[in-house]
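Order of listing sets the numbers, starting from 1, for every ligand and every atom in it. Basis for what follows: all heavy atoms, side chains included, without hydrogens, waters or symmetry-related copies.
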Amino acid sequence: MDSPLDAKLASVLGGRTASAFERGLGLTTVGDLLSHYPRRYAKRGELTALTELPLDTNVTIVAEVVKAVSRSMQARRGSILEVTISDGTGILTLTFFNQKWRENELKPGVRGIFAGKVGAYRGNRQLAHPDYELFDEDADPAAVQKWAELPIPIYPATSTVASWQIQKAVAIVLDSLGELEDPIPQGLRTERKLVSFRRALDLVHRPTKDSDWGVARATLRFQEAFVLQAALLRQRERLRETAATSREPGDLLATFDAELPFELTGDQRAVGEEVSKDLAAEVPMNRLIQGEVGSGKTLVALRAMLAVAESGGQSALLAPTEVLAHQHLRSIVRTLGPDRAAALRPTILTGQLTAAERRKALLAIVSGSARIVVGTHALLGDAVTFFDLGLVVVDEQHRFGVEQREALRVKAERPPHVLVLTATPIPRTVAMTVFGDLDVSTIRELPAGRQPITSHVVPLAERPGWMGRVWERLSEELEKGHQGFVVCPAIDSTHSEPADAEPDALEGAASGRAATVTETLAALRADPLFAGRRIEVLHGRLSSDDKDSLMRAFAAGDIDVLVSTTVIEVGVDVPNASAMVVLDADRFGVSQLHQLRGRVGRGSVPGLCLLVTGAEEGSVARERVEAVASTLDGFELAGKDLELRQEGDVLGSTQSGGRSSLRLVRVTRDGDLIAEARELAAGVLAADPRLDQHPALRDALDRRLDAEAEAYLAKN
Ligand code: ADP
Ligand code: MG
């Protein structure tokens, strides 16, 4: 069924306008435009604070023309038209060069809406060449009065497409739009006192009073949550439709467990049992394991791999970076011990292999002799074929989108079991939103004997002198025979670490230059405190070989201090590293700092983490850093992180794959709504799994999937 929402904008607005909207706002269909909701609604009164217009911002003003004067310019040829507008309280000047004809339109007494960027000329605020839309002069006073009370939608606009242009286009689209099928079943709509989809669109874009858009947004917000949850639940069911191969654990796992040099923690045991049960079923497992850094997730995954290997099945472990892939391989080989390693042939496949190495690896994979395969994105390539892929383990989910999981999944004849590991604790509502198609297990307990990490904020804003003490503390750790990390936000003054940048974390971060790896290295090498110490750098612009050999040297204790960017963020395991200094810590997100901190105190050595920041006391940036220092509990921090992110789009683009299309729902605020919507969607799907009774909902889900697929294609 074709929905009018899928119509191209060009067919309604004409090619020129449509391409401006596509370029400026990324909107291509009627549905796109109609879900470009107003950011807020202004009232005429609210718009008239002409005297307080902030410089250099785009503003939209409703006012009346007071006078218009055209004169010749003195310094150069041409004319200038100066139009004074007012709302009765303030006045503002509009200027137009060589557009004398506008005098005929902008006559005193005419009212309109004006949009432009506020500039200053000789100390007075003005708009140069604003866009404007004038209101009908002949309107009768009652109509004018009504107009004066209309909420004015203010759209997210750009310098090329102004808010009023969007408003106008939306009006054209709405005028030509017929009835729309409602994705929310009638019963639910009545029960929740929601208006129809069509009416909600009208009211959100063309409200006649404030309560209109309130009702509209409530309806659209519920619809968004409901459609998302229905999509995730249906996806979950789909994943379970095709039978997987059941994998029963046997001797391999039993002897491995018996030879382990330590006891599994209670949580490892419990989650391990959940996983075994999933693996033994013919329904494919799709499980997320979340647990602190060092809580032993990888070990749980390795035990699952052994269960799969028992019947000759293969497991693929997907790591986000080369460094981590190599580290996983080494630690798997070590943990398996020589006999098991010889039998299971753990094999690595990354983009950095030589042609010969690659051929050998591919052969081991396709023949099935490599029963454990570790790799990066290279594993997703078309050339990689498995003999019997039984289990996919995705380490550190936040770097992998839904689509990558999908790409590996299709490599098996029957769907493989999938285990996703993440050290970023995920608040319940985020889990429901991003990972709503997965079952979730949690490891809260850390293995016994872990030494605590002490964290301190070093507030340079108040205590500039403390920097010296930071380096002393680091050198004291080295004296004790330990090693340390110094983390900087940037490589050098021209390169930040793009792959690791977390843009929304930067909110409120101190402005000015960030500490760089290059300068920090030079400073430390020149510092007598560190005379004779081996100090090296690690960052994303080094080749993988270099990164890997540096990490190896650091792990072997041949390097004392590693000055790095966040490339050491995830999973790096060096038990002798005891100290971490994070420079400009306010430039990192809460979760990122927590992850970084997890690099120290991984062995029997107590950890020390010094978070250096120039952020002022009381600023959001400073609060982030203090939150991290105040607790080691990743779940608590994940909650704080949510609170501190003002816009609240915690999903990010990579994390959410194509699912970042939430417009009105905020995971920070709408937890209850999301949970309710999930339950209601589950009810609808349970009664009507194929949605035969709910074609409009089915269409909405398909539209979502298409959008996801498009987003995926666009990214690759
Ligand atoms: P994660 O993947 O959750 O960060 P790992 O599985 O890599 O954690 O485990 C971190 C370290 O702790 C590894 O060296 C691992 O061998 C060790 N380890 C795992 N489980 C235990 C346990 N129950 N007792 C002691 N050490 C453990
Ligand atoms: Mg790990």
_Contact atoms of ligand 1, heavy-atom distance to E292 under 4.0 Å_ = 3 (O)
*Under 3.5 Å, side chain of T631 to main-chain N/O of V628, donor-acceptor pair present?*
no
*Are the charged groups of D257 and R303 less than 4.0 angstrom apart, N to O?*
yes
*Side chains of T613 and R622, donor plus acceptor under 3.5 Å*: no
*Can you list the atoms of ligand 1 that are under 4.0 Å from a heavy atom of L299?*
6 (O), 20 (N)
_Distance under 4.0 Å to a non-hydrogen atom of E263: what atoms of ligand 1 satisfy this?_
22 (C), 23 (N), 24 (N)
_Pairs of nitrogen or oxygen atoms closer than 3.5 Å, one from G296 and one from ligand 1: do any exist?_
yes
*Looking only at distance, does P447 have an N or O less than 3.5 Å from an N or O of ligand 1?*
no
*Carboxylate-amine/guanidinium contact E476 R473, below 4.0 Å*: yes
_Proximity flag S295 to ligand 1, non-hydrogen atoms under 4.0 Å_ = yes
*What atoms of ligand 1 come closer than 4.0 angstrom to any heavy atom of T265?*
23 (N)
*Where ligand 1 meets L264 - atom numbers and elements under 4.0 angstrom, heavy-atom basis*: 23 (N)
*asked:* Check this for me, if you would: do R236 and D439 make a salt bridge, where the nitrogen-to-carboxylate-oxygen distance has to be below 4.0 angstrom?
replied: yes
*Just say parallel, tilted or perpendicular for the rings of W471 and F530, cut-offs at 30° and 60°.*
perpendicular
